[in-house]
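First the structure, in the form of structure tokens, and then the observations on it.
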Protein chains: 2
Amino acid sequence: MAYVDRGFNSGGGRISPTSAEFARAGIQNDCTLRPARHPQHSVLFYEGDKAERVYELDEGVVMLFKLLPDGRRQVVEILNAGSVFGLSAGEVYDCSAESLTPVKVSTLDRNSLETSPSLQRHVTRCLLSQLETLHDHAVLLGRKSAMERVSTFLMRLVPNRGGFGCVGPTEEAGEDSRSVTLHMTRQEIADYLGLTIETVSRVISEMKRKGLICIDRQDQIRIVNICRVCQMTGMH
Amino acid sequence: MAYVDRGFNSGGGRISPTSAEFARAGIQNDCTLRPARHPQHSVLFYEGDKAERVYELDEGVVMLFKLLPDGRRQVVEILNAGSVFGLSAGEVYDCSAESLTPVKVSTLDRNSLETSPSLQRHVTRCLLSQLETLHDHAVLLGRKSAMERVSTFLMRLVPNRGGFGCVGPTEEAGEDSRSVTLHMTRQEIADYLGLTIETVSRVISEMKRKGLICIDRQDQIRIVNICRVCQMTGMH
DNA sequence: CGACGGCTTGAGGCGCTTCAAGTGCGGTGG
DNA sequence: CCACCGCACTTGAAGCGCCTCAAGCCGTCG
């Protein structure tokens, strides 16, 4: 489990007009704003680092994780574009952040956060959505079986399905299928779902055997029948 | 698992000068603020209810929980005085709230939240602290053994110990012990820690047998040697 | 081609759950 | 005052699901 060095200081260019919410909030102060790109598997910060900067993810996927001293890892959040992270209640980051894909992030000095009410609102909205996701994830980690965890994980990657606003199988006669990209290794999925890599692999194999999914590529899964997978999440 | 009816409409009195942060924030609008008391085991709202009001806990302890359709329950948060809850990213509450002790809560209309910047800051601070707690809890649920979970739970009830700012055993020669009140049944603890009631009971019995704790009353545990219990949390 | 890394598969073991009694304690009533 | 009841908790025995350890497989790259 060797993690890549933080690939920082890469291209501290000027803000692009279409990029961050940070920009939309009207904060364009030279020293506080630095949109930057980082390759896959860059560590943006480590748990315990001084929490001086706040991040907004403009493009790509980032995971937040925590380590126990004996090496056990728990991935606590998977963040998509639009998420704000790196905000801490204390002086230091409470978890580490690593990019799962190439990413584009904007950062902001922690102190300048409080200057903009519209930015405050945006941050609050992000935090609330993260809170709900973490509540759901607590249910997954505390109460679901391995099969339910993997099914829930896969359903999370299908937009507009599985939640309250589930649109159901599309009207079109025919299959209710969809291909999703994981952006994560089996080990990362295991550490997110509170399982071992072997269990994740076994469950995925079983779903394949049952005809619920097809493995197009290692990190590209075709869900053959979305409704059937959704039924296995424990939420129906 | 029968849950008590929501004992609402009890005493919608006027605000007391020493009570909520909501008040300190300068929001004293008659229709938006209603400090109220509720007995132990009152359900303040249910998952799925329209999220019209935001709560602040002035006194007592509240738990937030979610249920799966087959009855499995996960307690997702335990909240102490000062916490804000009932804020939702969507239209409805994402979990249910029940008092573990008699409580005093202030409520605020959801819409009036955005009017006060100082209140915004207070809410953000609360959300951040809840986020960190949920991160820690994800590690507990995903990666810790039963013994580690119970030890972590007990240490959470000891102020100033176990965290970064742990003061260590007090200088005073003698025992490093402390009595804590759980405010929860074994079933509630189990549903919080992602275990069964039997496992929680067995682990507590084993800790008692090892001389780590004494059971004063059912919900009152004396931690005989705090450092030794802390050592079992998996975080050292 | 061979080496490497990520993934899969198998066999066995352990930790927690399940199911089923048993215990202890506070409250009620004879 | 004590017998009885109910409820929460404890304890035991058996089973199962996931973990551990160990090979084996497969695609990629030098």
Side-chain angles (χ1 to χ4, degrees), chain A residues 1-4 40-41 68 70-75 100 140-154 181-210 212-221 232 234, chain B residues 1-4 40-41 68 70-74 100 140-154 181-210 213-221 232 234:
Chain A
M1 279 201 213
Y3 297 108
V4 178
Q40 194 174 17
H41 298 306
L68 290 174
D70 62 4
R72 281 177 286 180
R73 180 174 72 165
Q74 179 64 43
V75 174
L100 291 173
L140 181 148
L141 293 173
R143 291 295 175 221
K144 290 191 181 179
S145 70
M147 178 63 80
E148 288 171 337
R149 292 182 199 206
V150 173
S151 301
T152 305
F153 173 71
L154 290 176
T181 307
L182 307 184
H183 300 307
M184 297 168 80
T185 64
R186 296 288 186 269
Q187 184 63 63
E188 284 158 354
I189 295 170
D191 287 346
Y192 183 47
L193 300 181
L195 299 168
T196 59
I197 183 174
E198 294 95 333
T199 300
V200 170
S201 182
R202 270 185 259 269
V203 169
I204 288 178
S205 294
E206 190 186 337
M207 293 181 80
K208 193 168 56 183
R209 225 174 303 122
K210 285 183 177 169
L212 294 167
I213 58 174
C214 292
I215 313 297
D216 299 345
R217 272 199 344 256
Q218 213 63 273
D219 74 333
Q220 180 96 22
I221 288 183
M232 311 188 68
Chain B
M1 277 200 216
Y3 297 109
V4 179
Q40 194 174 18
H41 298 305
L68 290 174
D70 62 3
R72 283 175 285 179
R73 180 173 72 165
Q74 178 65 43
L100 291 173
L140 181 148
L141 294 172
R143 289 295 175 223
K144 289 191 181 181
S145 70
M147 177 63 78
E148 288 170 337
R149 291 182 201 206
V150 173
S151 302
T152 305
F153 173 70
L154 290 176
T181 308
L182 307 183
H183 300 305
M184 298 169 81
T185 65
R186 297 288 186 271
Q187 184 63 63
E188 285 158 353
I189 296 170
D191 288 346
Y192 183 48
L193 301 182
L195 300 168
T196 60
I197 183 174
E198 295 95 335
T199 300
V200 170
S201 183
R202 270 184 258 269
V203 168
I204 288 177
S205 295
E206 189 186 338
M207 294 180 79
K208 193 168 54 181
R209 224 176 303 123
K210 284 184 178 168
I213 58 174
C214 292
I215 313 297
D216 299 345
R217 273 201 341 258
Q218 213 62 272
D219 74 332
Q220 181 94 23
I221 288 184
M232 311 187 69

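Below, read A as the first sequence line, B as the second, and so on, with proteins coming before strands; counting in each chain starts at 1.
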Nucleotide by nucleotide, 5' to 3', does protein get under 4.0 Å of the base (B), only the sugar-phosphate (S), or neither (-) in nucleotides 5-22 of chain C, counting heavy atoms?
--SBBBB----SBBB---
Return the CZ to CG distance between Arg149(A) and Leu141(A), rounded to the nearest 0.5 Å.
6.0 Å
As an exercise, state the distance from CG of Leu195(B) to OG of Ser201(B), rounded to the nearest 0.5 Å.
12.0 Å
Test of understanding: with side-chain contact (heavy atoms from CB on, under 4.5 Å), list the residues that count as partners of [X], not counting sequence neighbours.
X: Lys208(A); answer: Ile213(A), Ile215(A)
X: Glu206(B); answer: Met147(B), Arg209(B), Lys210(B)
X: Thr196(A); answer: Glu198(A), Thr199(A)

Would you grab the first and last nucleotide of DNA chain D (5' to 3') that comes under 4.0 Å of any non-hydrogen atom in chain A?
dC18(D) to dC21(D)
Among all residues two or more places apart in sequence or in another chain, which pass the side chain to side chain donor-acceptor pair (under 3.5 Å) test with Thr152(B)?
Lys144(B)
Do Asp191(A) and Arg72(A) sit within salt-bridge range, that is, some charged N less than 4.0 Å from a carboxylate O?
no
